[in-house]
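From a predicted model like this one, the values you see are computed outputs, not experimental measurements.
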Amino acid sequence: MITAAMVKELREKTGAGMMDCKKALSECDGDMEKSIDWLREKGIAKAAKKSDRIAAEGLTRSAVEGNTGVVFEVNSETDFVAKNAQFVELVNETAKVIAEGKPANNEEALALTMPSGETLEAAYVSATATIGEKISFRRFALIEKTDAQHFGAYQD
């Protein structure tokens with residue numbers, strides 16, 4: 001029997017919607033780990049369906065880590081998503097990961113490991129599935145400075 005507490009626990013672990021969690025638990029006979037995997041597979045399928053959509057809204061961010069500055073763009077389908085707490089957290093984590101990892105191109109950036117342990121690319125697929133809109137990492141630029149130089153940034 002699937003209880004409300006089980007649905008709540010799965011929802012807290014995955015961020016998926018209540019009905020999706022209930023269905024996952026039903027499909028997996030109440031097994032929490034199998035339900036998480038089931039939701040992940042469904043999320044990847046959902047994200048794949050959204051891959052051809054246009055994501056022209058979003059946020060830009062700049063961050064400084066030591067003597068490395070990074071500026072990057074993350075896109076979403078609507079400007080409303082750019083205000084979503086999960087989206088903003090993803091963008092902030094992306095800033096730190098890119099500044100620390102110093103990738104040479106987008107492919108290297110997408111292969112970097114996020115604090116959650118998944119790759120940047122997987123984090124964006126998960127966010128697309130959870131938030132319900134196509135979210136994509138668009139582009140970035142890294143700037144290095146010496147100790148005698150200073151970074152300045154203005155963000156509106």
Q.
With rounding to the nearest 0.5 angstrom, report the NZ to CD1 distance, Lys23 to Ile2.
A. 13.5 Å

Q: Any chance you could measure Ser26, atom OG, to Met1, atom CE, to the nearest 0.5 Å?
A: 10.5 Å

Q.
When you measure from the side chain of Glu77 to the backbone of Glu133, do you find a donor-acceptor pair of N or O atoms at a distance under 3.5 Å?
A. no

**Q.** Residues in side chain to side chain donor-acceptor pair (under 3.5 Å) contact with Asn105, at least two apart in sequence or another chain
**A.** none

Q: Kindly check if the number of other-residue, nucleotide or ligand heavy atoms within 6.0 Å of CZ (Phe151) is above 12?
A: yes

Q | Leu110 and Thr119, any side-chain heavy atoms less than 4.5 Å apart | A | no

Q.
side chain to side chain donor-acceptor pair (under 3.5 Å) for Asn75 and Glu73? Distances and angles first, verdict last.
A. CA-CA 7 Å; Asn75 294 127; Glu73 178 182 356; 3.0 Å; yes

(Q) How long is the straight-line distance from OG1 of Thr128 back to CD1 of Ile135, given to the nearest 0.5 Å? (A) 5.0 Å

**Q.** Min side-chain heavy-atom separation Met32-Glu9 under 4.5 Å
**A.** yes

Q: Indicate whether any N or O donor in one side chain lies under 3.5 Å from an N or O acceptor in the other, for Glu144 and Thr68.
A: yes

Q) Around Lys96, counting heavy atoms of other residues, nucleotides and ligands shown, do more than 12 lie under 6.0 Å from its NZ? A) no

Q) Which heavy-atom pair separates Ala24 from Ser35 by the least distance, and what is that distance? A) O-OG, 3.4 Å

Q. Between Glu108 and Asn106, is any side-chain donor less than 3.5 angstrom from a side-chain acceptor?
A. no

**Q.** Least distance between heavy atoms, Ala123 atom then Glu118 atom
**A.** CA-OE2, 3.5 Å

Q) Honestly curious: do Val88 and Val71 fall in one hydrophobic cluster under the side-chain, below-4.5 Å linking rule? A) no

Q.
Would you compute the distance between atom NZ of Lys8 and atom CE of Met6 and round it to the nearest 0.5 angstrom?
A. 14.5 Å

**Q.** pair Leu90-Val74: side-chain heavy atoms closer than 4.5 Å
**A.** no

(Q) Just verifying a value: how many Å separate Glu89 CD and Glu93 CD, rounded to the nearest 0.5 Å? (A) 4.5 Å

(Q) Can you give me the closest heavy-atom contact between Ala99 and Glu65, atom names plus distance? (A) CB-CB, 3.4 Å

Q | Test item: Gln149 side-chain N/O and Thr146 main-chain N/O as donor-acceptor pair under 3.5 Å | A | yes

Q: Please step through side-chain contact (heavy atoms from CB on, under 4.5 Å) for the pair Phe72 and Arg138, ending with a clear verdict.
A: CA-CA 8 Å; Phe72 66 97; Arg138 174 94 192 283; over 6 Å; no

Q: Taking all non-hydrogen atoms of both residues into account, name the closest pair between Arg61 and Val91 and its distance.
A: CG-CG1, 3.1 Å

Q | Common cluster, Met114/Leu142, ILVMFWY with side-chain heavy-atom separation under 4.5 Å | A | yes

**Q.** Stepwise side-chain contact (heavy atoms from CB on, under 4.5 Å) test for Ser76 and Phe87
**A.** CA-CA 9 Å; Ser76 61; Phe87 182 81; 4.2 Å; yes

Q. If only atom types and distance count, is the side chain of Ser62 paired as donor or acceptor with the main-chain N or O of Val70 below 3.5 Å?
A. no

(Q) If hydrophobic clusters are built from ILVMFWY residues whose side chains come within less than 4.5 Å, do Val64 and Val97 share one? (A) no

**Q.** Heavy-atom closest pair, residues Leu25 and Leu10
**A.** CG-CD2, 3.7 Å

Q. Taking all atoms of both residues into account, what is the closest heavy-atom pair of Ala109 and Phe137, and its distance?
A. CB-CE2, 3.9 Å

